[in-house]
Every structure is written in C-alpha cells, then in structure tokens.
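Only heavy atoms go into these numbers, but all of them, side chains included; no hydrogens, no water, no symmetry mates. None of these values were measured; they are calculated from a predicted model.
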Amino acid sequence: MFSSKSTHVLGAAALALGASTMLAVQAAEMGALGGTFQKAEAPVSGSFMIKKEAGRQVLVLSSDFRTNDSAPDLKVAFSPSATPLAMSKPPKYELKPGSYTVLAPLRSSKGAQSYVIPASINLSQQKSVLIWCQKFNATMAWAPLKQGSRVNDAMQKDSMMKK
C-alpha cells in the first residue's frame with residue numbers, strides 16, 4: 001500500500017495527466033480492476049475502474065469518457081473474453097448471443113458515470129468491458145479488465161500513444 005505522501009504525489013501527477021490516468025492511479029492504489037477503452041466501430045476516449053462502495057462493486061467511467069453520441073440503445077456490458085472482438089468483423093463488430101452480459105443502459109455518451117454491478121455478475125469470470133449498441137448489435141468500444149498496477153501501466157502507455 002502507498003503512504004499518504006506517495007498517494008499525494010501520484011494523485012498530483014495523475015491530475016496533470018488527466019482523468020483517465022487519475023482512475024489508473026486510484027485503481028493501482030486499491031488493487032482494483034480497470035482499463036482504457038479502445039475503438040471498435042466508433043472513436044472512443046476514457047477509461048473505467050471497478051471499485052467497492054458501501055459493500056457493492058461499482059463500475060466508474062472516467063470524466064473524459066466519450067463515445068459515439070448518435071448510436072441508439074447503447075449498453076455497458078461485460079464479456080468473458082479478453083479479446084471480445086476477435087471472432088467478429090469490422091465495421092460493426094457484432095457480438096454472438098451468450099458472449100456478453102449487459103450491465104445497464106449507458107446513461108450518457110460522455111462524462112463520468114457509475115453503475116452498480118449486481119452480485120449476479122461474477123467479475124472473476126469477466127475479462128473485458130464493452131460499450132455496445134443492442135439495437136444494431138454493434139460494438140462501439142471495448143477495454144480489457146486489468147488488475148491494479150497493470151491498469152496504471154496500460155493507461156499510461158495509452159496516454160503516451162495518444163500524444
């Protein structure tokens with residue numbers, strides 16, 4: 001675990017780098033799950049982390065999260081595959097029935113938002129998070145679930161690649 005001084009330094013550094021990195025630092029400190037979204041059908045930015053709040057698991061999207069705002073019927077979903085798009089083809093990246101679990105409708109195409117993960121979703125069996133258009137069976141974005149420091153490493157690598 002980090003000392004309060006190292007947490008303060010890491011937090012200040014994360015603020016300088018952006019919201020996605022801030023979530024990465026928090027995920028690393030807490031040993032939480034998280035990841036950075038990658039483009040599927042639509043451009044995407046941002047990240048997520050899964051943390052415990054009041055005894056419940058909560059998926060939190062970063063304040064810099066953004067995806068296609070014209071796609072209808074967007075959902076947040078989990079996949080048991082670390083590479084959920086490997087068996088589908090662009091441009092839609094369709095999902096096969098039974099290859100995902102819908103968490104909730106996406107509340108907004110941009111910005112921070114939180115979703116309580118019900119106990120019926122076993123996170124140990126999930127390997128990625130998807131932003132998916134149910135109406136047209138089209139995956140907008142996806143992110144592999146990573147643990148703790150791997151989240152931080154992946155998000156920092158991603159922020160370097162975007163510069």
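- The closest side-chain heavy-atom distance from M140 to C133 is below 4.5 Å.
- For K92, the side-chain hydrogen bond (donor to acceptor under 3.5 Å, both in side chains) partners at least two apart in sequence or on another chain are E94.
- A donor-acceptor pair is defined here as one N or O able to donate and one able to accept, closer than 3.5 Å; such a pair exists between the side chain of S128 and the backbone of S81.
- In the displayed structure, R107 atom CZ is contacted under 6.0 Å by more than 12 heavy atoms of other residues, nucleotides or ligands.
- Not one N or O on the side chain of D69 forms a donor-acceptor pair closer than 3.5 Å with the backbone of S109.
- Using modelled atom types, one side-chain atom of S62 and one backbone atom of S47 make a donor-acceptor pair closer than 3.5 Å.
- One finds the CG atom of L33 at 9.5 Å from the CG atom of L59 (value rounded to the nearest 0.5 Å).
- Closest non-hydrogen pair, A82 versus P144, comes out as O-CB, 4.2 Å.
- Taking NZ of K39 as the start and CD1 of I131 as the end, the distance is 15.5 Å to the nearest 0.5 Å.
- Side-chain N or O atoms of D73 include none that pairs as donor or acceptor with a backbone N or O of F136 at under 3.5 Å.
- The ring-ring contact (aromatic ring centres under 6.0 Å, His included) analysis of residues 68-90, with sequence neighbours excluded, yields no pairs.
- Summarising the geometry of N68 relative to L74, their closest heavy-atom pair is O-CD1, 3.7 Å, with the distance given to 0.1 Å.
- Shortest non-hydrogen contact noted between F65 and S108 is CE2-O, 3.9 Å.
- Following chains of ILVMFWY side-chain contacts shorter than 4.5 Å, one cannot reach L95 starting from L103, and the two form parts of different hydrophobic clusters.
- The OG atom of S79 sits 7.0 Å away from the CD atom of Q126 when rounded to the nearest 0.5 Å.
- Listed by first and then second residue, the ring-ring contact (aromatic ring centres under 6.0 Å, His included) pairs involving residues 84-120 are Y100-W132 (not counting sequence neighbours).
- From K75, atom NZ reaches atom OG1 of T139 across 13.5 Å, with rounding to the nearest 0.5 Å.
- With salt bridges taken as basic N to acidic carboxylate O contacts below 4.0 Å, none links R66 and D64.
- Although no hydrogens or angles enter the test, the distance criterion places no donor-acceptor pair under 3.5 Å between the side chain of Q57 and the main chain of A119.
- Within the 3.5 Å criterion, the main-chain N or O of K51 finds no donor-acceptor partner in the side chain of E53.
- Placement of I50 and L61 within a single hydrophobic cluster is found when ILVMFWY residues are connected by side-chain heavy-atom separations under 4.5 Å, directly or transitively.
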